[in-house]
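Here the structure is laid out as structure tokens; the discussion comes afterwards.
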Amino acid sequence: MNWESVANVIAAILLLAGASLCLAAAVGLVRFPDVLSRMHSATKPQTLGLLLIVLGVGLVLRSWSAWGILSLVFVMQLLTAPVAAHMVGRAAYRSGQVDESRLLRDELAEALRKAEDDPRDEK
């Protein structure tokens with residue numbers, strides 16, 4: 001068994017694990033009850049799944065240009081997923097789509113109340 005065969009086996013394992021995590025994220029998006037739980041499912045397992053898929057594809061392609069593009073894809077995912085989840089969470093909270101009885105601590109309500117009391121924000 002040469003190193004290329006070993007790399008192909010490792011790539012297959014990484015691709016299957018990544019696809020499984022992405023499938024788990026998709027199931028979570030459908031099955032979880034509220035927006036905040038779905039945000040968790042849409043960001044964390046999906047990001048790890050993408051990392052595993054990127055590593056698997058990189059092992060299959062074995063070229064520096066492919067590694068560069070795959071690294072760019074993963075970095076952009078790392079940068080955009082938390083920001084998008086944050087914005088979706090705030091929009092859901094402000095539109096009343098969050099079940100407040102499920103929250104352990106509501107820091108956003110306090111911040112919104114302070115913003116409403118601050119006269120500089122009304123300008």
Side-chain angles (χ1 to χ4, degrees):
M1 184 179 259
N2 59 6
W3 78 271
E4 289 184 4
S5 298
V6 172
N8 286 336
V9 169
I10 291 172
I13 292 170
L14 289 173
L15 289 171
L16 286 173
S20 299
L21 280 171
C22 291
L23 177 65
V27 170
L29 280 175
V30 174
R31 299 287 299 170
F32 283 164
D34 61 348
V35 174
L36 299 180
S37 301
R38 289 180 182 156
M39 277 182 0
H40 173 79
S41 158
T43 54
K44 292 185 173 114
Q46 190 269 339
T47 303
L48 180 59
L50 180 67
L51 172 64
L52 295 177
I53 289 174
V54 162
L55 291 174
V57 171
L59 282 177
V60 169
L61 296 178
R62 296 184 197 120
S63 73
W64 288 111
S65 62
W67 276 107
I69 293 171
L70 292 169
S71 299
L72 182 64
V73 166
F74 185 67
V75 167
M76 292 305 291
Q77 176 69 27
L78 281 182
L79 291 176
T80 58
V83 174
H86 180 79
M87 298 309 292
V88 167
R90 277 187 163 252
Y93 186 87
R94 287 184 177 219
S95 65
Q97 300 296 316
V98 174
D99 183 11
E100 294 182 15
S101 66
R102 298 177 140 232
L103 297 177
L104 296 177
R105 199 166 141 188
D106 190 3
E107 294 176 349
L108 187 56
E110 206 172 297
L112 290 175
R113 193 173 29 254
K114 283 182 184 176
E116 288 176 2
D117 293 340
D118 191 1
R120 291 178 290 179
D121 290 339
E122 294 179 6
K123 292 181 183 177

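For the numbers below, each heavy atom of this structure counts, side chains included, while hydrogens, waters and symmetry mates do not.
Connection of Leu51 to Leu23 is not established within any shared hydrophobic cluster, with ILVMFWY side chains joined at heavy-atom distances below 4.5 Å, either directly or through further cluster members.
Here the closest heavy-atom approach between residue Ala25 and residue Ser41 is recorded as O-OG, 2.7 Å. Smallest separation of non-hydrogen atoms from Val30 and Arg38: O-NH2, 4.2 Å.
When the side-chain contact (heavy atoms from CB on, under 4.5 Å) test is applied to Ala24, no partner is found at least two apart in sequence or on another chain. Partners of Glu4 by side-chain hydrogen bond (donor to acceptor under 3.5 Å, both in side chains), not counting sequence neighbours: none found. Shown here are the side-chain hydrogen bond (donor to acceptor under 3.5 Å, both in side chains) partners of Ser5, two or more places apart in sequence or in another chain: Asn2.
No side-chain heavy atom of Ile10 sits under 4.5 Å from any side-chain heavy atom of Ile13. Side-chain atoms of Lys44 and Leu21, non-hydrogen and from C-beta on, never get closer than 4.5 Å to each other.
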Which pairs of donor and acceptor atoms, one on a side chain in residues 53-60, lie under 3.5 Å apart (sequence neighbours left out)?
none

Show me, pair by pair, the donor-acceptor contacts under 3.5 angstrom made by side chains of residues 69-84, not counting sequence neighbours?
from: Ser71; atom 1: OG; to: Trp67; atom 2: O; distance (Å): 2.7
from: Gln77; atom 1: NE2; to: Gln46; atom 2: OE1; distance (Å): 2.8
from: Thr80; atom 1: OG1; to: Met76; atom 2: O; distance (Å): 2.8

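Other residues sharing a hydrophobic cluster with Met39 under the 4.5 Å side-chain heavy-atom criterion for ILVMFWY residues are Val35, Leu36, Val88, Tyr93, Val98, Leu103, Leu108, Leu112.
Open room surrounds CZ on Arg94; 12 or fewer heavy atoms of other groups in view lie less than 6.0 Å from it.
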